Amino acid sequence: NLSNDISNGIVVYPLNIQVSVSPPNGGTPIVSNYIMNSGLSFSQPIQYFPQQPYNYSISITDGCGNHYTINGIVNNIYYATDDTIRIEQR
């Protein structure tokens, strides 16, 4: 496994990243999977639901099997100009 030393720890690649978006209408979650083999940032386009709050979850598993989850709410985003927004985790 490849590793990258960063200021608050060591990143062990590959990183398995899963982004899940729960539609505001209670529909089936939209899930995207990504494998990151190097680098310190990723970007994943997700579905945009205009002026409706909805939940997202980002789950990351590193090359050692450590699991991390980030949960959040997208709430009334007015600046988007198309049907996708980007979640960027840096």
Side-chain angles (χ1 to χ4, degrees):
N1 291 342
L2 194 70
S3 68
N4 192 351
D5 188 8
I6 58 174
S7 62
N8 63 350
I10 296 175
V11 177
V12 180
Y13 298 97
L15 300 179
N16 291 296
I17 302 168
Q18 183 177 77
V19 178
S20 178
V21 176
S22 299
N25 63 3
T28 303
I30 302 164
V31 179
S32 300
N33 293 294
Y34 179 73
I35 297 175
M36 187 170 156
N37 291 307
S38 65
L40 295 176
S41 66
F42 79 99
S43 178
Q44 174 66 50
I46 65 169
Q47 179 71 40
Y48 175 62
F49 301 97
Q51 300 179 15
Q52 298 178 71
Y54 52 99
N55 298 316
Y56 69 87
S57 177
I58 303 171
S59 297
I60 303 169
T61 304
D62 69 15
C64 291
N66 298 310
H67 186 77
Y68 308 92
T69 300
I70 302 165
N71 296 306
I73 298 173
V74 177
N75 193 6
N76 295 321
I77 298 176
Y78 295 102
Y79 60 82
T81 58
D82 62 15
D83 63 350
T84 62
I85 63 169
R86 290 195 175 275
I87 292 176
E88 292 192 10
Q89 183 67 34
R90 293 184 188 253

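Nothing here was measured: the structure is a model prediction, and the numbers come from that model. By convention here, the first residue in the shown sequence is residue 1.
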Heavy-atom closest pair (Tyr54 atom, Val21 atom, distance to 0.1 Å) is CD1-CG1, 3.6 Å
Between Tyr56 and Val74, is there a side-chain heavy-atom distance shorter than 4.5 Å? yes
Show me the side-chain donor-acceptor pairs of residues 24-33 shorter than 3.5 Å, one per line, residues at least two apart or across chains.
{"residue": "Asn25", "atom": "OD1", "partner": "Gly27", "partner atom": "N", "Å": "2.9"}
{"residue": "Asn33", "atom": "OD1", "partner": "Gln18", "partner atom": "NE2", "Å": "3.1"}

Atom pair CG/OG of Leu15 and Ser38 - distance to nearest 0.5 Å: 9.5 Å
Show every donor-acceptor pair shorter than 3.5 Å between a side-chain atom in residues 63-72 and any protein atom, with sequence neighbours excluded, or say none if there are none.
{"residue": "Asn66", "atom": "ND2", "partner": "Asp62", "partner atom": "OD2", "Å": "3.2"}
{"residue": "His67", "atom": "ND1", "partner": "Thr61", "partner atom": "OG1", "Å": "3.0"}
{"residue": "His67", "atom": "NE2", "partner": "Thr69", "partner atom": "OG1", "Å": "3.2"}
{"residue": "Asn71", "atom": "OD1", "partner": "Ser57", "partner atom": "OG", "Å": "3.0"}

